[in-house]
Amino acid sequence: MAPRNLEKQLNILDYALSSLWRRRMKSLSVLLVFAAVIFLLASFQMVTQALTDKASQVLAYTPEITLQKMSAGRQEAIPLAYRDRLAGIFGIRRVVPRIWGYYFDEVRLANYTVMGMDVREMPEGDRLDTALAKGTIPGPEEQGRVVVGQSIVKALNLDERNTFSLFRPDLSLKTFTVSGAFSRDTDIMTNDLIVMSLADARDLYEIPAGLVTDLCVYVANPKEIGTIARKISAILPGVRVLTRPQIQKTYQVVFGWRSGFGSICLLAALASFVILAWDKASGLSPEERREISILKVLGWETSDILAVRFWESVIVSGLACIVGMTAAYIHVVYFAAFLFRPVLMGWSVLRPDLHLVPRMAVGNILLILAFTVVPYLAATVIPAWRSATVPADSALGG
Amino acid sequence: MIIECKNLTKSYAVENTMVHAADTVNLSVNKGDFLVILGHSGSGKTTLLSLIGGLTSPDKGQVFIDGVENWQQSDRALSTMRNSKIGFIFQFASLIPTLSIMENILLPLSFGENPAGSRDLALDILDQVGLADKGKAFPSQLSGGQQRRVAIARSFINCPDIILADEPTGDLDEETERDILALFRRYNEQGTTFVVVTHNSDLAATQKDARVFSMRQGVLSGQAA
């Protein structure tokens, strides 16, 4: 019994394949549109996941708590003396002052991010060298030496020279020497970054001594971040206290929002595809209806006819999934998701030259299948079922 | 008794008027019988074939094939019965245009009954209907008469007990018609039961011992069973 049933299924599969081949232009066009929709959805999922993963990885090295002084709802310089007021809070490992600012390059119409900080003061500062593609992190005594991100290298032609100058507010020039460049793996955070000593940043922005833009607080036990943040807020009520989990969440929300926005656009495209598929599949032509009638007259069961339609749909949607997901992987890995980068990375002039490592969770794959294969199966099998359950004598009478 | 119809009734609504396609039809057919049912267009001949073949359900009455009532069976059992016991010859050729002639003929054999061996049988039947060299052709490359002969060949591929034929020689030339009727006779002599509906009254005369009925407005009359 089993071998005969298997042979029957193989015959049905063979019929489905030949049926697809007979309508090869129609099948191919549906497959290509279907693959394109899956490609877009899968690319979006992969790139969002990769960016979120990458951001989480890089943010793991950021301070556990960042303090910024607020005035009238806007950020202003924070006195270094606030460090002393934090001394009494148990659990704080270190407080590192930082000057964080932006520099607009009018020639290249690009914004650079400037971070002035004595990185050796950071608990993990010694390990930062591992984030560099070349060179070393300058020590606090090495004035005028900087580490730059990859876009800065490109924008300022730092492959060919190792010095460049930026304007102070009084339009005098300050010259820097490049002592290292960040690795591409950290692009998402360091792409447009220039890291220099605190003194250099103070000089560049003409920030008075005793003031910085923010204080980075490192804690002994990461589980105590929330508690320590609340204590700091109580001691320094005019200070904005940002915890690393909050920053990570902000990044995820930003990527999530952008991804959601893109997904809505893609889902609209997907909905159009499903409507098209439904229209094509449900509007069985007279020839197709006649074929179903003939098959029924010749002894095919309703379930056999549905099986043919099912296999046709599985073959088309399965191939579309393979083609779409493979293309999405290539798009993300080898072409750095160039179609979605403007949406997902923001509108900066200096966009990271990302090398993304895509990750597709099983849940994401199932989600894509649920939004593509299942509606397509329904759109093709249900109309065939409706046709196959009506009396087949229409084929006799003509 | 291979076919038995009891009080078979079927009506259709056509433009708000009920048309009686089968009106209390009683019919008994023994194995090896050759039935010819004569009637004009719209007399209900095709509906009677559909009812016998289990393609449409009666409003009232019963159809038994080999003692089993058609509409008491599951879809699977009914399909299996159609596939294994009945060969249909449609009023129109009813070939699938995108399948080759050979593929069309082999279509009823898509259920695992050694299709490879059946290819020789298909070639033999194609030869019997005079189309041995047309196996690879497509229906659109054949004339109407040739397509009809392919449909006839297809009805024999499963070696069915019963052939239900609707105007089988409708668009055949005289010579081909003669050949096809001779083929019917050969199969009938081997025990195949034929129920042929036609408006061609000459057809009955070509078959030895044919039982002839006439049908008018759904009422079957003629030889009693």
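For the numbers below, each heavy atom of this structure counts, side chains included, while hydrogens, waters and symmetry mates do not. Just so it is clear: chains get the letters A, B, ... in the order the sequence lines come, proteins before strands, and each one is counted from 1. Remember, it's a predicted structure, so these values are computed and weren't measured experimentally.
Heavy-atom distances place the side chain of A:L295, and not its backbone, under 4.5 Å from chain B. Neither the backbone nor the side chain of B:I86 has a heavy atom closer than 4.5 Å to any heavy atom of chain A.
The neighbour count for A:M25 CE, taken as heavy atoms of other residues, nucleotides or ligands under 6.0 Å away, does not exceed 12. Shown here is B:K31, whose NZ atom has more than 12 heavy atoms of other residues, nucleotides or ligands within 6.0 Å. A 6.0 Å sphere centred on CD of B:Q217 holds no more than 12 heavy atoms belonging to other residues, nucleotides or ligands.
Remark: A:S293 OG to B:L55 CG distance equals 9.0 Å, nearest 0.5 Å. Atom CG of B:N83 sits about 9.0 Å away from atom CD of A:E301, to the nearest 0.5 Å.
The two residues B:R82 and A:G299 have their closest heavy-atom pair at CB-CA, 4.2 Å. Nearest approach of B:L99 to A:Y15, heavy atoms of both residues: CD1-CE1, 4.1 Å.
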Trace of the side-chain contact (heavy atoms from CB on, under 4.5 Å) decision for A:L298 with B:R154: CA-CA 9 Å; A:L298 295 179; B:R154 183 177 63 190; 3.9 Å; yes
Audit row: B:S79, A:K296, side-chain contact (heavy atoms from CB on, under 4.5 Å) steps and yes/no: CA-CA 7 Å; B:S79 299; A:K296 284 203 78 176; 5.7 Å; no
